[in-house]
Amino acid sequence: MYDIREHFQGRNEKGRMNSKSNDARYMELISELRSKLAVLADKIKPKVYEYGFLKE
């Protein structure tokens with residue numbers, strides 16, 4: 001996934017990955033992916049604490 005991100009977003013002069021891309025379709029897809037990952041994180045959060053992977 002990072003190779004794909006690097007291809008579309010590129011890197012700045014310090015070697016850090018840029019936060020945006022000029023490709024509108026890519027930005028649309030990555031935004032959708034990030035929102036779905038947030039929904040998934042909300043769904044599994046109770047189980048993560050229940051099984052002790054993380055402590056509050």
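Numbering starts at 1 and runs along the sequence shown.
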With a cut-off of 3.5 Å and sequence neighbours excluded, list every side-chain donor-acceptor pair involving residues 19-26.
{"from": "Ser21", "atom 1": "OG", "to": "Phe8", "atom 2": "O", "distance (Å)": "2.9"}
{"from": "Ser21", "atom 1": "OG", "to": "Asp23", "atom 2": "N", "distance (Å)": "3.1"}
{"from": "Asp23", "atom 1": "OD1", "to": "Arg25", "atom 2": "N", "distance (Å)": "3.0"}
{"from": "Asp23", "atom 1": "OD1", "to": "Tyr26", "atom 2": "N", "distance (Å)": "3.0"}
{"from": "Arg25", "atom 1": "NH1", "to": "Glu28", "atom 2": "OE2", "distance (Å)": "2.9"}
{"from": "Tyr26", "atom 1": "OH", "to": "Gln9", "atom 2": "OE1", "distance (Å)": "2.7"}

List the atom pairs, with distances to 0.1 Å, where a side-chain N or O of residues 36-46 and a protein N or O form a donor-acceptor pair under 3.5 Å, not counting sequence neighbours.
{"from": "Lys36", "atom 1": "NZ", "to": "Glu32", "atom 2": "OE2", "distance (Å)": "3.3"}

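Leu29 and Tyr2 sit in two unconnected hydrophobic clusters of ILVMFWY residues. Membership requires side-chain heavy atoms under 4.5 Å apart, directly or through other members.
In this structure, Met1 CE and Leu33 CG are separated by 5.0 Å, a value rounded to the nearest 0.5 Å.
Within 6.0 Å of the CZ atom in Arg11, the count of heavy atoms belonging to other residues, nucleotides or ligands exceeds 12.
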